[in-house]
Amino acid sequence: MNRHFFEQDTVWVAEQLIGCYLVRQTDEGIIRVQITETEAYKGAEDPASHAYRGMTPRSRLMFGEVGRLYIYFIYGKYFCMNVVAHEPGMVGAVLIRGARPVEGMDLIRANRPNQSDKTLLNGPAKLTQGLNITKDMNGYDLLADPNNCMTWLQKERNLTTVKTKRIGISKGTDLLWRFLAVDP
DNA sequence: TGCTCGATAACCT
DNA sequence: GGTTATCGAGCAT
């Protein structure tokens with residue numbers, strides 16, 4: 001996983017991220033998950049994107065250096081996590097919508113008590129809750145990882161993936177920019 | 001300065 | 001399957 005990987009078309013990166021791992025380091029220990037669901041959001045050409053109307057204080061990271069996290073607060077209670085990814089001079093980020101626990105199940109459960117295995121990380125806000133990711137990691141560079149908080153791990157093989165319409169949005173619903181791993 | 005609504009999830013029935 | 005909690009960004013006054 002290097003900077004160049006994220007400096008490519010946002011939709012392509014969204015698809016490629018399926019099957020990759022996120023390694024989260026906390027005081028309590030290590031959490032490792034495999035990404036199973038993503039969505040691509042672009043710039044002026046994507047009416048569902050936070051960057052659609054140009055740069056704002058919130059969306060400015062989507063215009064900036066690739067590989068950084070863009071985390072935003074939504075519905076008064078939740079956080080969603082994106083990775084900035086776009087071709088040079090372009091705008092975009094990939095929303096990480098879901099993952100599968102690989103290591104640190106007890107830590108994930110501690111972050112999300114009383115949840116079944118199915119509902120542990122199968123949603124963007126559930127994921128950030130399970131990995132204990134909040135606004136303070138907005139702008140964090142997973143490729144530099146100075147504080148050893150979280151980093152990427154390359155997938156060892158491609159998973160079978162399907163492409164669908166993005167969900168939970170009211171505009172740009174015709175684009176097939178959502179990717180998810182087919183359950184084995 | 002005010003108002004609307006959202007890239008949602010949890011908790012009901 | 002339907003409802004609600006909850007608040008900030010963005011845009012209109």
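Just so you know, these numbers come straight off a predicted model, no measurement behind them. Below, chains carry the letters A, B, ... as their sequence lines are ordered, and counting in each starts from 1.
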Protein-nucleotide distance ([X], atom [atom1]; [N], atom [atom2]), rounded to Å:
X      : N      : atom1 : atom2 : value
A/M55  : C/dC11 : CE    : P     : 14 Å
A/N122 : B/dT8  : CG    : P     : 13 Å
A/R53  : B/dG6  : CZ    : P     : 12 Å
A/Y70  : C/dA9  : OH    : P     : 10 Å
A/I96  : B/dT8  : CD1   : P     : 15 Å
A/R178 : B/dT8  : CZ    : P     : 10 Å
A/Y78  : C/dA9  : OH    : C1'   : 19 Å
A/R58  : C/dC11 : CZ    : C1'   : 12 Å

Selected nucleotide, minimal atom distance to [X] side chain, candidates [options]:
X      : options              : value
A/A125 : B/dG6, B/dA7, B/dA9  : B/dA9
A/R112 : B/dG6, B/dA7, B/dA10 : B/dA10
A/F73  : C/dA9, C/dC7, B/dG6  : C/dC7

With respect to the phosphate group of C/dG10, does any side-chain polar atom (N or O) of A/T56 fall under 4.0 Å of OP1 or OP2?
yes
Note, DNA chain C 5' to 3' with Watson-Crick or G-U pairs under 3.5 Å encoded as ( ), [ ], | and . gives |||||.||||||.
Taking A/E15 first and then A/K163, would you say they form a salt bridge - that is, a charged N and a carboxylate O separated by under 4.0 Å?
no
Ionic contact status for A/R166 with A/E39, cut-off 4.0 Å:
no
Name the orientation class of the two ring planes belonging to A/F79 and A/F73 (parallel below 30°, tilted from 30 to 60°, perpendicular beyond 60°).
tilted
Answer with yes or no whether the hydrophobic clustering places A/M105 together with A/M150; edges join I, L, V, M, F, W, Y residues whose side-chain heavy atoms lie under 4.5 Å apart.
yes
State yes or no: do A/Y140 and A/I96 share one hydrophobic cluster built from I, L, V, M, F, W and Y residues joined by side-chain heavy-atom distances below 4.5 Å, directly or via other members?
yes
What do you reckon, do A/Y75 and the base of B/dT8 stack, with centroid distance below 5.5 Å and planes below 30°?
yes
Residue mapping more 5' on DNA chain B - nearest nucleotide basis, A/K126 or A/Y72:
A/Y72
Base, sugar-phosphate, or nothing: which does A/Y41 touch, judged by heavy atoms less than 4.0 Å apart?
base
Sugar-phosphate only, base, or nothing, as touched by A/R166 at under 4.0 Å among non-hydrogen atoms:
nothing
Looking at every non-hydrogen atom in both residues, tell me the closest pair between A/D141 and A/G67 and how far apart they are.
OD1-O, 3.8 Å
Within the modelled atom types, does a donor on one side and an acceptor on the other bring the side chain of A/H50 and the base of C/dA9 under 3.5 Å apart?
no
Please answer whether the main-chain N or O of A/F5 pairs with a side-chain N or O of A/N2 as donor and acceptor at a distance below 3.5 Å.
yes
